[in-house]
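Accompanying notes for the structure given below.
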Amino acid sequence: MQKRVQIESRKVQTVYLPLAASSLKIHSKITSQSQSQTLTQSQHNTIKVNQKQIKVHNRSLKTRNNIQKEMLSQTDSCTNKVLTERNLEIDSSLIEPQTTTSIKQFQLVWQSPYRPHIYTIYFPYPQLLQQTRSQQFLVEQIKKPLYYKLQGQVPFKCVLSAFEAAGFEKSDEDNWLIYWGLASKETLDEMKQYQKTNHFPGCWSIGRKDNLWIHLSKVKRRFPNEYSFIPNTYLLKNDFDRFEKIREFAPKNTFWIKKPVASAKGNGIKLIDKNTKLTADKRYLVMDYISNPHLLNNFKYDLRVYVLITSIDPLRVYMYKDGLVRFATQEYSLKSEDIKKRFIHLTNFSVNKQSPNFIVNNQEMEQQVKASKWSHKEYKQQLMAQGINHKLLFKSIKDVVLKTCIAAETLLLKNRITMEHKNNYFELFGFDILIDEQLKPWLLEVNVCPSLNSSSQLDTQIKTKLISDMFHLIGIQYHTKKAFRIQIKKKQYERNINVIQTINTTNFRQKVNQEDLDVMIQSLEEQLRLGQFKCLYPNKKNIFEYEKYFEYPRFHNKLIQKYFEDGSNWII
């Protein structure tokens, strides 16, 4: 029976209806009879269908017709979803289901308003969040198995919750859609175009503290004022003699902070002064200590900001609207006897959770202000209570984030990202931002693997929603048979970037190729799946302002810039 239904599904012919302005609504009706016949067009734009009689073993024709009528009646009551056999034809290029009569065989997917044949996987919020994601642009398609693959240990609960809510299962084969973890070179080289992994090959170009300084300092020499947000840093392997001279002539009460170049969770970090003994150890760097931090309740704190990059060429950068504020657990002091007290000077959660003064934030109103970790929402409320313009502050933070990503763009692009795999990667970074008493944000470090551990209700809420929004935004394609075919490597054409200035609404189709069109459409599609993410780039409001910071002009960056400049809709 299954095989025969699959054969018959390929014979169905359909007519696509026009796209609605705000959502995609497709109405169709099909009647299954014992002989071939043609349905005439009705007020619901019926679809011409020729079907042969299907012999159904162990099931009478009457039973099948009753089931089908029940399915069609449910379709008429749901104007935003499709639940008919028309799907069998539309999905004739899809992997056929194991059954064709149960209502459970259908699932919601996100359908592009720009490319109606493209479906991406819809990630509903896990039940623990008690929230519902927007169902705009959702349709129903034949259900197929969805798989993720892990590298190393099982990921944190927030990642598993997002997978489970979307119907994903763990796989050890190569049939995965998402690879979570640091994949091997062999895995990256063999990726299909519909597969995605959560790390760029060059992610450590800014994920290590020494690399971050090396690359940002180069841009800082070109733009000393614009890139003054990272403290001066000295790599002890290369800058030891220079730092010793600086330290010799520094004022008496000057402090620095010594950090391992490739470590996390506060391991190996300590404050030093003019008298601390140092060696030219390549494993460490020394950074100017920001000794005038902004304090809340007399405690030092920093911000964990979540940043998502979904593409390098063109660059697409998003910042999450919520995040964490992490406090030290002893009141701030610069006294010489307090220099070695880690609970005063370090804000790392992994350090301060060991303090007897640490207070868990379980989102109880009377305890929130005293808690050792806040959400950005709670933080903004406290700033407002002090008369501080938090909107202006977070605008400065977004500026730091975007300039850092632009500085890393060339490095991320150079590291083994081939033409056919340029859309396979995404990266969630954790930016650590310190605010000084002048309300200036300072970039302390960028984390490639920000902690997704949920040690409190606050962590659970923020991180679960973060991961769910991230998976929904990146647009994991609902895989088709076409995606399983042998992929032909794309030929990389030389592009004349000067042509972009001549492009307008009337000649757009003649000036660009299909790849250019897909790139632009992908950028527009992500704008419709943002969740709680904010698009930093490309952004119509600032795309021209940040153009000068790119080391090299990129064709697709300039093309999207021209699209914003023109102000017309080239796509539809």
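We're numbering straight along the sequence, starting at 1. Note that the structure is predicted; figures quoted are calculated from it, not measured.
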Aromatic centroids of F123 and F168 separated by under 6.0 Å: yes

Closest non-hydrogen contact found for L536 with L402 is O-CD2, 3.6 Å

Spacing of C203 atom SG and N447 atom CG [to the nearest 0.5 Å]: 11.5 Å

What I want to find out is whether D566 reaches K562 closely enough, with some N-O distance under 4.0 Å, to be called a salt bridge. no

Roughly how far, to the nearest 0.5 Å, is CD1 of I560 from CG of N557? 6.5 Å

On a heavy-atom basis, the closest approach of R529 and G475 is NH2-CA, 3.3 Å

Euclidean distance, K540 NZ relative to E565 CD, rounded to 0.5 Å: 10.5 Å

Donor-acceptor pair, side chain of S468 and main chain of T464, under 3.5 angstrom: no

Within this structure, what is the CG-CD1 distance for the pair N423 and I474, rounded to the nearest 0.5 Å? 11.5 Å

Any side-chain heavy atom of P314 sitting closer than 4.5 Å to one from S311? yes

Main chain of I142, side chain of Q105: is a donor-acceptor contact present, judged purely on distance under 3.5 Å? no

Heavy atoms only: give me the nearest A166-P124 pair and the separation to one decimal. CA-CD, 4.1 Å

For T310 and E526, does a side-chain donor sit closer than 3.5 Å to a side-chain acceptor? yes

Under the 3.5 angstrom rule, does the side chain of Q195 hit a backbone N or O of K192 as a donor-acceptor pair? yes

Does the ring center of H472 lie less than 6.0 Å from the ring center of Y122? yes

Do Q561 and P538 come close enough that some side-chain heavy atom pair is under 4.5 Å? no

Looking at side-chain heavy atoms only, is the closest gap between F426 and M470 below 4.5 Å? yes

Should T506 and N504 be marked as a side chain to side chain donor-acceptor pair (under 3.5 Å) after you check the CA-CA gap, both sets of side-chain angles, and the distance that decides it? CA-CA 6 Å; T506 58; N504 54 45; 2.6 Å; yes

Answer yes or no: is there a side-chain heavy-atom contact under 4.5 Å between V139 and V109? yes

Any chance you could lay out the side-chain contact (heavy atoms from CB on, under 4.5 Å) test for L517 and R509, step after step, and finish with the verdict? CA-CA 8 Å; L517 182 61; R509 298 283 177 170; 3.2 Å; yes

Checking Y125 against D469 for the side chain to side chain donor-acceptor pair (under 3.5 Å) test, could you report, in this order, the C-alpha distance in whole Å, the side-chain angles of both residues, the deciding distance, and whether it holds? CA-CA 8 Å; Y125 287 128; D469 279 348; 2.7 Å; yes

Can you tell me if Q107 and Q141 form a side-chain donor-acceptor pair at under 3.5 Å? no

For D518 and Q522, which I'm curious about, is there any donor-acceptor pair between the side chains at under 3.5 Å? no

Under 4.0 Å between a side-chain nitrogen and a carboxylate oxygen: does that hold for K149 and D174? yes

Is there a side-chain contact (heavy atoms from CB on, under 4.5 Å) between L146 and I121? Walk through the geometry before answering. CA-CA 9 Å; L146 307 174; I121 296 170; 3.9 Å; yes

Working note: R115 + E525, criterion salt bridge (Lys or Arg N to Asp or Glu O under 4.0 Å); need CA distance, chi angles, decisive distance, verdict. CA-CA 9 Å; R115 302 179 292 177; E525 287 171 345; 2.8 Å; yes

Would you say the ring centers of Y320 and H376 fall short of 6.0 Å from each other? no

Ring centres under 6.0 Å, that's the criterion: do F550 and Y537 meet it? yes

Point-to-point distance, once rounded to the nearest 0.5 Å, from OG of S375 to CG of L458: 5.5 Å

What's the shortest heavy-atom distance between I118 and Q477, and which atoms? CD1-NE2, 3.9 Å

Chi angles and distances behind the side chain to side chain donor-acceptor pair (under 3.5 Å) call for D399, Y546: CA-CA 9 Å; D399 179 71; Y546 288 90; 2.5 Å; yes

Side-chain heavy-atom pair E169, E164 within 4.5 angstrom cut-off: no

Using modelled atom types and a 3.5 Å cut-off, is there a donor and acceptor pairing between side-chain atoms of Q151 and backbone atoms of A183? no

Evaluate V519 against D313 for side-chain contact (heavy atoms from CB on, under 4.5 Å), listing each step before the verdict. CA-CA 9 Å; V519 162; D313 184 14; over 6 Å; no

Once the angle between the rings of W110 and F137 is folded into 0 to 90°, is it parallel (under 30°), tilted (30 to 60°) or perpendicular (over 60°)? perpendicular

Exercise: identify the closest heavy-atom pair between T502 and V499: OG1-O, 2.6 Å

Keeping the roles fixed (side chain from D516, backbone from H556), state whether a donor-acceptor pair exists under 3.5 Å. no

Hey, are the side chains of Y425 and L188 touching, using non-hydrogen atoms and a 4.5 Å cut-off? yes

So do the side chains of I178 and F163 get within less than 4.5 Å of each other, counting heavy atoms only? yes

Considering all heavy atoms of both residues, which atom of V400 and which atom of T404 are nearest to each other, and what is their separation? O-OG1, 2.8 Å

Does the ring center of W180 lie less than 6.0 Å from the ring center of Y148? no

Within this structure, what is the CD-CD distance for the pair Q130 and Q461, rounded to the nearest 0.5 Å? 8.0 Å

Does a side-chain heavy-atom distance below 4.5 Å link T120 with S112? no

How about Y306 and F533: are their ring centres within less than 6.0 Å of each other? no

Counting only heavy atoms from other residues, nucleotides and ligands, does the tally under 6.0 Å from CD of Q510 exceed 12? yes

Qualifying residue, where the test is salt bridge (Lys or Arg N to Asp or Glu O under 4.0 Å) with R304 and the options are D432, D459, D322: D432

Could you walk me through whether K463 and S451 pass the side-chain contact (heavy atoms from CB on, under 4.5 Å) check? CA-CA 9 Å; K463 294 177 181 178; S451 173; 4.1 Å; yes

